[in-house]
Trainee: 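Following this message is one structure expressed as structure tokens.
Quick note on labels: first sequence line is chain A, next is B, and so on, each numbered from 1.
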2 protein chains.
Amino acid sequence: MNYIKNEVDVMNNQPIGFLDSGVGGLTVVREALKQLPNETVYYVGDTARCPYGPRPVDQIKEFTWDMVRFLLKQDVKMIVIACNTATAVALEEIKKTLDIPVVGVIVPGSRAALRETHNGRIGIIGTVGTINSEEYTKEIKRKSLDVDVLGLSCPKFVPIVESHEYQSDIAKKVVNETLSHFNASNIDTLVMGCTHYPLLKPFIKEAMGEQVKLIDSGAETVTEVSVLLDYYDISALPNSDKKEHRFFTTGSVRNFETISSDWLPIQDISVEHVDITDIGD
Amino acid sequence: MNYIKNEVDVMNNQPIGFLDSGVGGLTVVREALKQLPNETVYYVGDTARCPYGPRPVDQIKEFTWDMVRFLLKQDVKMIVIACNTATAVALEEIKKTLDIPVVGVIVPGSRAALRETHNGRIGIIGTVGTINSEEYTKEIKRKSLDVDVLGLSCPKFVPIVESHEYQSDIAKKVVNETLSHFNASNIDTLVMGCTHYPLLKPFIKEAMGEQVKLIDSGAETVTEVSVLLDYYDISALPNSDKKEHRFFTTGSVRNFETISSDWLPIQDISVEHVDITDIGD
């Protein structure tokens with residue numbers, strides 16, 4: 001039994017790497033900026049190939065590895081897979097392979113759902129990939145057999161967010177129609193099992209009603225990141241040589257800038273275009 | 001860089017070991033039973049040599065190692081140092097030496113205090129050992145230089161709890177008198193930096209007033225335990241072969257039984273007397 005080594009040779013002012021299929025992971029970054037103000041964020045969104053949800057498993061794995069390799073080249077000290085689809089499909093393999101901490105969004109979201117439910121009826125919304133993987137159901141059942149988990153894929157949600165229509169009347173209508181599937185379900189807790197979905201939170205809240213507790217997997221993930229930074233003693237110090245946050249997209253810089261400026265409490269966000277398909281090992 | 005190994009060969013139904021100088025760590029166990037209902041708890045309290053607070057550092061280290069060795073013989077999968085004095089003095093050394101996860105109470109308590117404070121003025125109450133070590137102040141300042149930390153040792157609190165007088169008028173008077181030191185301090189957050197203190201929480205709350213947020217380091221520690229169990233994939237499964245919780249004391253079984261029955265939601269707690277001074281390596 002020897003699965004913890006305490007000699008850590010990472011510098012604590014290295015950035016934390018976040019990855020997502022597009023802009024959704026920015027909801028996790030927003031939480032990180034709040035809870036971990038000393039940390040530097042490097043973010044990569046594979047907007048050019050978004051959405052990941054409907055893609056075959058092998059392709060999602062391949063694309064996720066492209067982003068991981070890109071972040072490793074930037075010398076990150078930890079990787080946050082801020083994308084439920086990529087977590088469901090690739091977390092285990094990536095965590096096993098890398099020698100830095102790798103965190104996904106499904107375990108923290110499941111933990112929070114179990115903590116919050118009173119009647120033991122939990123809904124999960126996510127992409128087709130996430131819902132079909134049944135990773136939330138497996139994770140929740142692993143901890144408690146007495147809970148019912150109802151999964152619903154919402155394939156229209158990610159495109160609405162990525163096209164910057166998440167505050168529109170169309171968004172409201174789509175959210176209402178989609179979530180009407182839960183009408184007779186009697187769930188008391190709903191996991192937003194896609195990091196894009198918190199951008200639709202006002203509409204989701206309205207559709208589900210006050211009695212349903214919404215879980216933001218991404219926000220829960222940041223608490224896990226905080227624990228692991230402390231546990232491995234790799235938190236950034238307040239007086240450390242802080243780097244600038246950096247944001248990379250494989251797609252349109254302009255669209256990414258619009259959404260990130262809307263969403264993040266940072267002035268003058270500069271977004272860089274990047275090609276991640278030929279990073280190599 | 002190779003500080004995480006993911007091959008875990010612990011069985012997930014092994015118990016989690018908790019240690020404390022006496023009964024104080026039971027406040028952490030109560031939280032664990034709530035947040036982690038599938039886990040088995042083994043607890044050792046060194047009641048015979050309690051309190052640890054006023055003892056020299058080397059002796060606290062020696063006594064803490066006695067408890068650690070005892071728990072290792074019980075084949076625990078993780079150790080929670082549910083004692084602030086022992087955490088302040090011995091956590092680093094124990095964490096470095098063992099190859100199972102070891103968690104203390106100071107880092108989680110500090111994280112929670114920083115999350116909760118609005119005016120940046122945090123009070124810490126603890127034993128003489130904990131306060132003199134300044135571990136809370138160091139940990140909080142490590143994360144934020146903009147915060148003022150005011151430490152106050154409360155040497156009368158632990159003996160009141162261990163002698164089962166924590167609901168008495170004397171307890172109320174002692175708490176009021178001791179905490180009057182904070183009267184003009186303008187703190188908005190107070191860390192109960194000793195696991196015995198949550199047993200005095202009603203009096204502490206009354207003395208500090210509604211405007212001061214109380215942090216229970218022990219409760220925060222259980223969230224950290226939960227994250228690490230998940231991260232290392234060593235959570236107990238709901239259908240795993242669950243063992244009985246076991247409680248060991250180096251002192252009076254009867255007194256320990258009275259307090260643990262008061263405090264924990266378990267029927268028929270059986271407490272065993274144990275000698276931990278000659279465990280060997």
Trainee: Using non-hydrogen atoms and a 4.5 Å limit, figure out which bit of B:Leu228 sits close to chain A: side chain, backbone, both or neither.
Mentor: side chain

Trainee: Are more than 12 heavy atoms from other residues, nucleotides or ligands located less than 6.0 Å from atom CD of A:Glu92?
Mentor: no

Trainee: Parallel under 30°, tilted from 30 to 60°, perpendicular over 60°: which one fits the rings of A:Phe70 and A:Phe248?
Mentor: perpendicular

Trainee: By side-chain hydrogen bond (donor to acceptor under 3.5 Å, both in side chains), which residues pair with A:Thr130, not counting sequence neighbours?
Mentor: A:Thr85, A:Thr127

Trainee: What are the residues of residues 132-141 of chain A, in order of number, with any heavy atom under 4.5 angstrom from a heavy atom of chain B?
Mentor: A:Glu139, A:Lys141

Trainee: Using non-hydrogen atoms and a 4.5 Å limit, figure out which bit of B:Ser226 sits close to chain A: side chain, backbone, both or neither.
Mentor: both

Trainee: Count the heavy atoms of every other residue, nucleotide or ligand shown that sit under 6.0 Å from CD of A:Gln35, and state whether that count exceeds 12.
Mentor: yes

Trainee: Name the orientation class of the two ring planes belonging to A:Tyr43 and A:Phe18 (parallel below 30°, tilted from 30 to 60°, perpendicular beyond 60°).
Mentor: parallel

Trainee: Go through the atoms of B:Arg111 and report whether side chain, backbone, both or neither lie under 4.5 Å from a heavy atom of chain A.
Mentor: side chain

Trainee: Provide the closest heavy-atom pair for A:Ala82 versus A:Val28 in the form atom of the first, atom of the second, distance.
Mentor: CB-CG2, 3.8 Å

Trainee: Under the side chain to side chain contact (heavy atoms under 4.5 Å, CB included) test against A:Ile94, which residue among A:Leu19, A:Thr64, A:Val89 passes?
Mentor: A:Thr64

